[in-house]
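Working notes for the structure below.
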Protein chains: 2
Amino acid sequence: MTESTSIQGCILLLDDDVDVLGANARFLRISGYSVIVSNTPTTALKQLEEEVIDAVVTDLRMPEMDGLEFAARAREVKPLLPLLFFSAYGSVQNVVAAMQLGAVDFLEKPVAPSLLLERLEDICGDHNEPRLQTRMAFDDAAAPFRHRVLAYEKYLIQTCMQKHNGHVAAVLEELKINRRTLNEKMQRLGIRRKRDAD
Amino acid sequence: MTESTSIQGCILLLDDDVDVLGANARFLRISGYSVIVSNTPTTALKQLEEEVIDAVVTDLRMPEMDGLEFAARAREVKPLLPLLFFSAYGSVQNVVAAMQLGAVDFLEKPVAPSLLLERLEDICGDHNEPRLQTRMAFDDAAAPFRHRVLAYEKYLIQTCMQKHNGHVAAVLEELKINRRTLNEKMQRLGIRRKRDAD
DNA sequence: CAGGCATGAGCAAAAATTTGCCTAAAAGTG
DNA sequence: CACTTTTAGGCAAATTTTTGCTCATGCCTG
């Protein structure tokens, strides 16, 4: 079936080993992602600023700048960007450092393709664009506490709702929230349920 | 240096090896922390509910329930409580799991006392790291609604508090929030006021 | 040291939120 | 269309949060 044609998101792949890079890129493309590759952190950072990217998958060991430093810099540019590490050199310290930088996961090479896909699925499953926009609302430093918290709640619910295509039951499950409460909140926050036309 | 003079906070130590437990407890007490010990996860969980605790330091390998499961349960009770692992069995997977549960760090046994102190300092002391920690918490897509909202509230307050160098009145003003309410929230969220040494 | 702020916290009333129960409307299916 | 599954929302009780009062403590200034 040609269902892999749907747009899954755009992944930035960073690895200094061009063979690995190519193989992974090919694999991800076949799986339906659009992929941008980079074999040096520097170019990757540039691409990060220029392209719309949903997630980054990076190696740890690289010449010029290691994966951690790259991640730190990437964070500055895109604070919410999901980072995924994969490396054969996962010492406890490295892993801790990566996770502290906000990595979603740290996969050990060799990475099972299915695992990588699964992770990316988790990451890109919900959307990135509306997310950032809504984020602006609750990130407005001038607004009073209460407003910001409400904005955040709204953002959370909307995002989740969207992710599950308006399926309330799924939202309940994911957010671990009482059905009645969700109703109330949506009422109060002015969130309306809407399903995508398929 | 006479740094151990100020009240540092209350640490819950969990380790099934009573010798290690005792030694660490003694060490931390000498260093100025108040320490609650536990040699089983179950009692630790109970203590978590009963006592006011600023951070938990736990082993990974334990009979009855491993450190990860303990951490998961602790999270349910205290979603924002700083967790610190230390263990000799730090596989990449374990570390990732621990960090995904929101651990602040994962130290490898044998742990250098100075390192442990340093970490606790980060956690209980100046809210520098905790900020990042909190931020990640509310960005953690897997966490339940309530946790995420709390994490966000904590982040807001901490950030604002830091911005105004611990000046509560200024925070009140900026966040447009009742003084009593702020007190309550700080209490509930485990935020301590901290002014920079000038 | 006295006096004045700034802050933390106990207490209880007031207000808001959460949640179970239940009904009706809406949506999805065959 | 008849039937099943999902949702929204009224109502009231249960629970949690907010907030005013008040007091005690700590800190700063003079």
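Values below: all heavy atoms of this structure, side chains included; hydrogens, waters and symmetry mates excluded. To find a chain, count down the sequence lines: A is the first, B the second, and so on, and within it residues start at 1.
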Query raised in the report: When you check the gap from the basic side-chain N to the acidic O, do B/E153 and A/R148 get nearer than 4.0 Å?
Result: no
Report summary line: Among the nucleotides C/dC22, D/dT19, D/dT22, whichever has the atom closest to the side chain of A/R179 is C/dC22
Query raised in the report: Given D/dT7, is OP1 or OP2 found less than 4.0 Å from the side-chain N or O atoms of A/N183?
Result: no
Requested in this report: Classify the nucleic acid contact of A/R146 as base, sugar-phosphate or nothing, counting any heavy atom under 4.0 Å across all strands shown.
Outcome: sugar-phosphate
Query raised in the report: B/K185 has an atom NZ; how far is it from atom P of C/dT7, in whole Å?
Result: 19 Å
Query raised in the report: Can you tell which of D/dA8, C/dT19, D/dG9 lies closest to the side chain of A/Q187?
Result: D/dG9
Report task. Give the nucleotide from the list C/dT7, C/dG20, D/dG20 with an atom nearest to the side chain of A/N178. Result -> C/dG20
Report summary line: Closest to the 5' end of DNA chain C, once B/F145 and B/R180 are matched to their nearest nucleotides, is B/R180
Query raised in the report: Distance from B/R193 atom CZ to B/N183 atom CG, nearest 0.5 Å?
Result: 10.0 Å
Query raised in the report: Do other residues, nucleotides or ligands put more than 12 heavy atoms under 6.0 Å from the OH atom of B/Y89?
Result: no
Query raised in the report: Roughly, in whole Å, what's the span from CD in B/E184 to P in C/dA12?
Result: 14 Å
Requested in this report: Would you kindly give the CD1-to-P distance between A/I177 and D/dT15, to the nearest whole Å?
Outcome: 19 Å
Report task. State whether B/R193 places a side-chain N or O below 4.0 Å from either non-bridging phosphate oxygen (OP1 or OP2) of C/dG8. Result -> yes
Report summary line: Of C/dG8, D/dA8, D/dT7, the nucleotide closest to the side chain of A/A169 is D/dT7
Query raised in the report: What is the distance, rounded to the nearest whole Å, between atom CZ of A/R188 and atom P of C/dA15?
Result: 17 Å
Query - For atom CE of B/M186 and atom C1' of D/dT18, their distance in whole Å - result: 17 Å
Requested in this report: Taking only Lys NZ, Arg NE, NH1 and NH2, and the carboxylate oxygens of Asp or Glu, determine whether B/K109 and B/D15 approach each other closer than 4.0 Å.
Outcome: yes
Query - Carboxylate-amine/guanidinium contact A/R180 A/E184, below 4.0 Å - result: yes
**Report entry** Closest nucleotide among D/dA8, C/dG8, C/dT17 to the A/V168 side chain
**Finding:** D/dA8
Query raised in the report: Roughly how many Å is it from CG in A/L189 to C1' in C/dA16, rounded to a whole number?
Result: 14 Å
Query raised in the report: Can you tell me how far P of D/dC27 sits from CG of B/N165, to the nearest Å?
Result: 15 Å
Query raised in the report: Within this structure, what is the NE2-to-C1' distance between B/H167 and C/dG8, rounded to whole angstrom?
Result: 15 Å
